[in-house]
Every structure is written in structure tokens, then in C-alpha cells.
Amino acid sequence: MTDPEQPLDLDHKYALDRDCTTLSRHVLQQFQSFSAEAQDLSALMNRVALAAKLIARHLSRAGLVEDALGFTGRTNVQGESVKKMDVYANQVFISVFQESGLVCRLASEEMEDPYYIPENCPIGRYTLLYDPIDGSSNVDINLNVGAIFAIRRQGSEDLDYSGKDLLQDGHQQIAAGYVLYGPSTMLVYSIGKGVHAFTLDPSLGEFILASENIHVPDHGPVYSVNEGNFWQCEESIRNYIRYVHRHEGYTARYSGALVGDFHRILFQGGVFLYPGTIKKPEGKLRLLYESAPLAFLIEQAGGRASTGLQNILDVVPDRLHARTPLIIGSKEDVALVESFIQEEQRERQEQEILASKGN
Ligand code: P6P
């Protein structure tokens, strides 16, 4: 029997303290208060964690459960074929936030318009924006997938239920994070006070603090881009790829799931890029629930996120599912990619000046 007068030895005490540093407690520690906002954010993160646990459980049994894998036969607002796991994960977030009193609206990659939870409105002062399954092309082959989320305060009225008030820059995010469904399930988040990673302990059913105040290295060896798009990219991006091919110290890593590629770069440094192409100058990734949340995180971790011409967090979307090119990671590596884009801009302007003089 442990005598409470006899303190635990330090190893046991450390292990106990760590196992008690759950996500909801960590959020309160971050605020260093029990204010209404702190309690709200703690409760919000706890709901996100519940969604992550439900989805992790479904993913871990997907090969055994009827109707968990494969396509639904439908396409979403993005024009992408919808996986059954996309639908399931999207519904999990809806179910988890109903009756929460916290979130009045959900804006998802899988839904054309924001989803309103009337019983939470107008008391619910927050909107959750999320990609319920990022990298769903990996689901059927049991490779890592993720979820990306951002929390915004409901600012102005949304009387016409259009969600127009969501069309604001990324500095309006009050929290952001992602879940990585890999060998372990991790949840990484920030409320603007550093970036912190939690690992799901299945035996506890809790996300336990694993890394606090993560800092992305100023430079790293990894460049992450789909080189299959090489000939569809602008010449500047092709020149960047030629550069890393020809210089020592670079290695390519690309998983087909943004969350996994981003997670590697957050911990090891480097750069992920999904640039615009000649046919799709705006690129593939969506601003409000993919690029902006990750930009929030990477800046909190000392890195950068850019469209190539503008910081991602400064971009104001013109529609809910607006896309942007994304260059994100270590500040030196993002700057290197931008230097090729700026060089091409300069050359184009010089040619235009010469052409105008020639006329
Ligand atoms: P591509 C997944 O569909 C996703 O949105 C990101 O997770 C991923 O980085 C990207 O698209 C992969 O796109 O065109 O390389 O298959």
C-alpha cells in the first residue's frame, strides 16, 4: 500500500504526471486560467479528440467492417470521388459537435455549404472548419491519412446562412491542428501559444502529451512534391526541382497525404509544395481547412507558409472552398522556393518592358 506521506519515487511521479497531461488539461494550462474562453477551447479540443478516437477506431477495423472502404459512387463539391470513409468521418464530426453547445457551424471539405447546428445557435460562438479525412486515396491501402481542423470565432451575423463571415484571412483562426492516423494516432494543435503533440494511448483512451513547443528546423533535407506534375508546373517550380536534383543534401518524400508529409517536415525540417499548375494556377489544396490551419501551426513552430507570392495567413478567400498554391515548411526552404518564383516574375517583367519598348 503506498503511504501518501511517502511521495512516489520521481520516475513514477513523472510517468503519472505525464499520463495526466491530457489534451483538455493542457489547453487550460496554456491559458493559465479557467476563463470562459479557456473552458470553451478545452471543451472544443476534447470534442475534436473524441472525433479522432472514433475515426481511429473505424480505420483500425476498416478491413473487417462491411462497407467501410471503397467509393460511394458520388463526387463532392470539389469534384472528387467520395470515399465511404470520407462520409463516415464527416458524420462523426457532426455527431460529436451536436448537443455540444459550443459550435454553431461546421464547414467541411465534404459539404458544399456550412452545416448549422440549430440547438447550439446562437449560444455556440465558434465555427469548426475541417477536412475529415485528408489523403483518403491512402485509406483503401492502409497508409497514413489525417484530419485537419481550424476553429474560428463566429464574428458578424450570418443571417442568410451563407457563411460569408468565414471569408476572412487566416489570422482570424483562434486554434488549429491536425490528427495523424499512422502507426500511432497523434493530435497536434496550437491555440497560438506554441505547437504541441499528443499521442493516443489506446489503453487509456486519452491523448497524452508527447512533445511540447515543437520548433521546425530552419532548414531540412526533405522536399515533398508530386513530381508527376513536373510538366504541368510553372517554369519557376521546375527550376526549383532541377536545383534540388542537382545539389547534395536533399531527399524526396511524398506520401499522397498532406498531413503525413507536413508532420515529417514539422519534426525534421524541409518543405512541402503543392504549387499551382498551368491549367490550375490556384493549385489543389483548400485554404480554409487545409492550408490556413497548417500555416497557423508552422508559423507557431517558427516556419513559414506561402502561396509563392503571399503569406498564406494573409490570403482572404473569395469562397468557402477556395484553393491556393501551398509552399510550407522550414523558413529557409520556403524562401528558396520563393526565390525561383520571384526570379521568374522579374524575368517576365523585364520581357514585358522590352516588348512594350519594341512597340
Ligand atoms: P496528388 C489528398 O487528396 C490531398 O488533398 C492531400 O492530402 C495531398 O497532399 C494531395 O491531395 C495529393 O494530391 O495530386 O499529389 O495526388
Side-chain angles (χ1 to χ4, degrees), residues 52 55 59 69-72 74-90 107-111 129-150 176-182 185-186 188 222-234 237-238 240-241 252-266 270-295 297-298 305-308 312 317 320-329 333-334 337:
I55 295 165
L59 283 165
L69 297 176
F71 290 94
T72 60
R74 297 198 304 273
T75 53
N76 63 14
V77 62
Q78 324 287 344
E80 294 165 345
S81 300
V82 177
K83 288 277 181 79
K84 292 171 185 169
M85 194 61 73
D86 291 319
V87 175
Y88 174 82
N90 191 57
S108 161
E109 175 182 297
E110 297 304 327
M111 300 188 287
L129 301 99
Y130 63 103
D131 178 2
I133 291 281
D134 166 71
S136 52
S137 59
N138 284 353
V139 166
D140 293 358
I141 49 171
N142 196 32
L143 292 181
N144 70 273
V145 293
I148 307 171
F149 62 90
Y178 62 86
V179 182
L180 175 59
Y181 302 105
T185 297
M186 292 190 75
V188 178
V222 172
Y223 73 97
S224 186
V225 62
N226 182 342
E227 299 205 32
N229 296 333
F230 183 84
W231 292 108
Q232 280 78 43
C233 290
E234 297 284 350
I237 299 296
R238 294 206 289 258
Y240 164 74
I241 294 173
R253 290 288 185 274
Y254 192 77
S255 75
L258 171 58
V259 168
D261 293 328
F262 178 85
H263 188 75
R264 176 190 289 112
I265 284 165
L266 177 67
V271 62
F272 171 94
L273 48 157
Y274 204 106
T277 60
I278 294 159
K279 276 191 287 185
K280 282 187 177 176
E282 76 282 358
K284 172 178 184 182
L285 301 176
R286 278 64 46 152
L287 176 67
L288 283 174
Y289 41 78
E290 288 179 318
S291 304
L294 297 184
L297 289 176
I298 203 74
S306 162
T307 63
I312 289 285
L320 189 63
H321 301 290
R323 301 168 191 257
T324 62
L326 177 65
I327 301 162
I328 190 167
D333 300 301
V334 171
V337 180

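Throughout, residue positions are numbered sequentially from 1 according to the sequence presented. Order of appearance sets the numbers: ligands from 1, and atoms from 1 within every ligand.
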Practice task
Considering non-hydrogen atoms only, spot the tightest contact between Val334 and Ser306 and give its length.
Solution key: CG1-CB, 4.1 Å

Exercise for the section: Decide yes or no for Leu258 and Ile148: does some side-chain heavy atom of the first lie under 4.5 Å from some side-chain heavy atom of the second? Expected result: yes

Handout entry: Heavy-atom check, side chain of Asn90 versus side chain of Tyr130, under 4.5 Å
Key = yes

Completion exercise
So the atoms of ligand 1 within less than 4.0 Å of a heavy atom of Gly135 turn out to be 2 (C), 7 (O)

Handout entry: Test of proximity, Asp261 against ligand 1: N or O pairs below 3.5 Å
Key = no

Completion exercise
atom 15 (O) of ligand 1 has as its nearest protein heavy atom Tyr254 OH, 2.5 Å

Handout entry: Close-contact set for ligand 1 against Arg286 heavy atoms, below 4.0 Å
Key = 5 (O)

Handout entry: Numbered atoms of ligand 1 (with element) below 4.0 Å of Asp134, judged on heavy atoms
Key = 5 (O), 6 (C), 7 (O)

Completion exercise
For Tyr274, the atoms of ligand 1 under 4.0 Å from one of its heavy atoms are 1 (P), 13 (O), 14 (O), 15 (O)

Fill in the blank from the handout: For Leu285 and Ser291 the tightest heavy-atom approach is CB-OG, 3.9 Å

Handout entry: Enclosure of Asn226 CG (heavy-atom neighbours >12, cutoff 6.0 Å)
Key = yes

Exercise for the section: Kindly say whether Gly146 contributes a backbone atom to a donor-acceptor pair with the side chain of Asp134 at under 3.5 angstrom? Expected result: no

Handout entry: Short side-chain to backbone donor-acceptor contact, Thr72 and Lys84, under 3.5 Å
Key = no

Exercise for the section: Report, in ascending order of atom number, the atoms of ligand 1 lying under 4.0 Å from any heavy atom of Leu258. Expected result: 6 (C), 7 (O), 8 (C), 9 (O)

Practice task
Have a look at Ser137, Ser136, Gly256 and point out the one with the heavy atom closest to atom 8 (C) of ligand 1.
Solution key: Gly256

Practice task
Give yes if a backbone or side-chain nitrogen or oxygen of Asn226 is under 3.5 Å from a nitrogen or oxygen of ligand 1, and no if not.
Solution key: yes

Completion exercise
All heavy atoms of Tyr289 vs all of Leu320, minimum pair found to be CE2-O, 4.1 Å

Exercise for the section: Note the single closest protein heavy atom to atom 16 (O) of ligand 1, along with its residue, its atom name and the distance in Å. Expected result: Lys284 NZ, 3.9 Å

Exercise for the section: Could you tell me whether the side chains of Asp131 and Tyr178 share a donor-acceptor contact shorter than 3.5 Å? Expected result: no

Handout entry: Contact partition for Leu285 relative to ligand 1, non-hydrogen atoms under 4.0 Å
Key = side chain

Completion exercise
For Glu290, the ligand 1 atoms with a heavy-atom partner under 4.0 Å come out as 5 (O)

Exercise for the section: May I ask you to check if ligand 1 and Phe272 share an N or O to N or O distance below 3.5 Å? Expected result: no

